[in-house]
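Working notes, beginning with the structure itself.
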Amino acid sequence: MQFVIEETKWVGKTAHHYELIDSTNKKAKELAEAGCSHGTVVTAAGQEAGAGRRGRTWSSEPGQGIYMSVVLRPKLQTDKASMLTLVAAMAVSKAIYGIIRDCGIFPFIKWPNDIVIRGKKVCGILTEMATKNGEIDYIVVGIGVNVHNREFPKEIEHMATSIEAEIGHEVARESLAPLIWQEFEKYYDIFMETQDLSLLQEEYQQMSANKGRKVTVLDPKGEFEGTARGITANGELIVDTSEGQRLVSSGEVSVRGIYGYV
Ligand code: BTN
């Protein structure tokens, strides 16, 4: 099923759809290497080699979820690129809420960029960057949303869910996918005004599943515990620990709630 992306100014004006593909991120990177324009979108009904963060795979059953990627060519310092993942997470949270708001359920963001409903993950985002002469050549932001799934592989079933499994009625992928790009475009344009999250920080905080909760920070240099307080304008997680406040960057670590996945 091809999504129609109409209500945007620049995202998805060129779009490529595949019924089955290895990975939309991989295809988007190929198109970017071949010179495709800023905002080009790749969507697929299913992926055979969906890529997740930290070298993991992303379960991408045909027809069960949304699998899509966008190519971006921002004039941005390379060290600011990871913030686009948080921008994308805000877009997904807002778009899902727009579709399910009648259910009284809120899709929260587990820092930095997982979307969770009732404590389980419904969306993952994979941002990949290529540089040329020390500058950003392109960034691919890939978004995977579990929409219809009722079953998950054993190893992830304790932490994965789908929108329909949580709200108990049908959700149309063809409505949700374009809405995600509309919201993404709005948040991206705001982000680019300041090239940081200063104008979005407060809204991100309201969407945060972690704020005010105890977290374990799985830092390769040493695990520690604390209470998440929000994010900085650079997207770092602010964690109060018994030894003072620490700022956590998304590249190095992952965060787990003390009592579960969030
Ligand atoms: C994560 O590990 O949480 C990130 C998962 C990202 C999955 C999406 S699905 C669409 C796009 N294409 C890929 O191969 N991966 C991303």
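Counting starts at 1 for both ligands and their atoms, in listed order.
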Give one line per pair: atom of ligand 1, protein atom, distance. Only N/O to N/O under 3.5 Å.
| from | atom 1 | to | atom 2 | distance (Å) |
| --- | --- | --- | --- | --- |
| ligand 1 | 2 (O) | R53 | N | 2.7 |
| ligand 1 | 3 (O) | K121 | NZ | 2.6 |
| ligand 1 | 12 (N) | T24 | OG1 | 2.9 |
| ligand 1 | 12 (N) | N25 | N | 3.4 |
| ligand 1 | 12 (N) | Q47 | OE1 | 3.0 |
| ligand 1 | 14 (O) | S23 | OG | 2.7 |
| ligand 1 | 14 (O) | Q47 | OE1 | 3.4 |
| ligand 1 | 14 (O) | A51 | N | 2.7 |
| ligand 1 | 15 (N) | A51 | O | 2.7 |

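Between F184 and W10, the ring planes are perpendicular. Angles over 60° get that label, and only those under 30° would be called parallel.
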Working for ring-ring contact (aromatic ring centres under 6.0 Å, His included), residues H38 and Y188: CA-CA 12 Å; H38 176 68; Y188 176 94; 5.7 Å; yes
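The hydrophobic clustering, which links ILVMFWY residues whose side-chain heavy atoms are closer than 4.5 Å, places L126 and I109 apart.
The residues D137 and R73 are annotated as salt-bridged, a charged nitrogen and a carboxylate oxygen being separated by less than 4.0 angstrom. The pair K29-E33 does not meet the salt-bridge criterion, since no charged nitrogen lies less than 4.0 angstrom from a carboxylate oxygen.
Judged by a 6.0 Å distance limit and a 45° cone about the ring axis, R173 is not positioned over the six-membered ring of F3.
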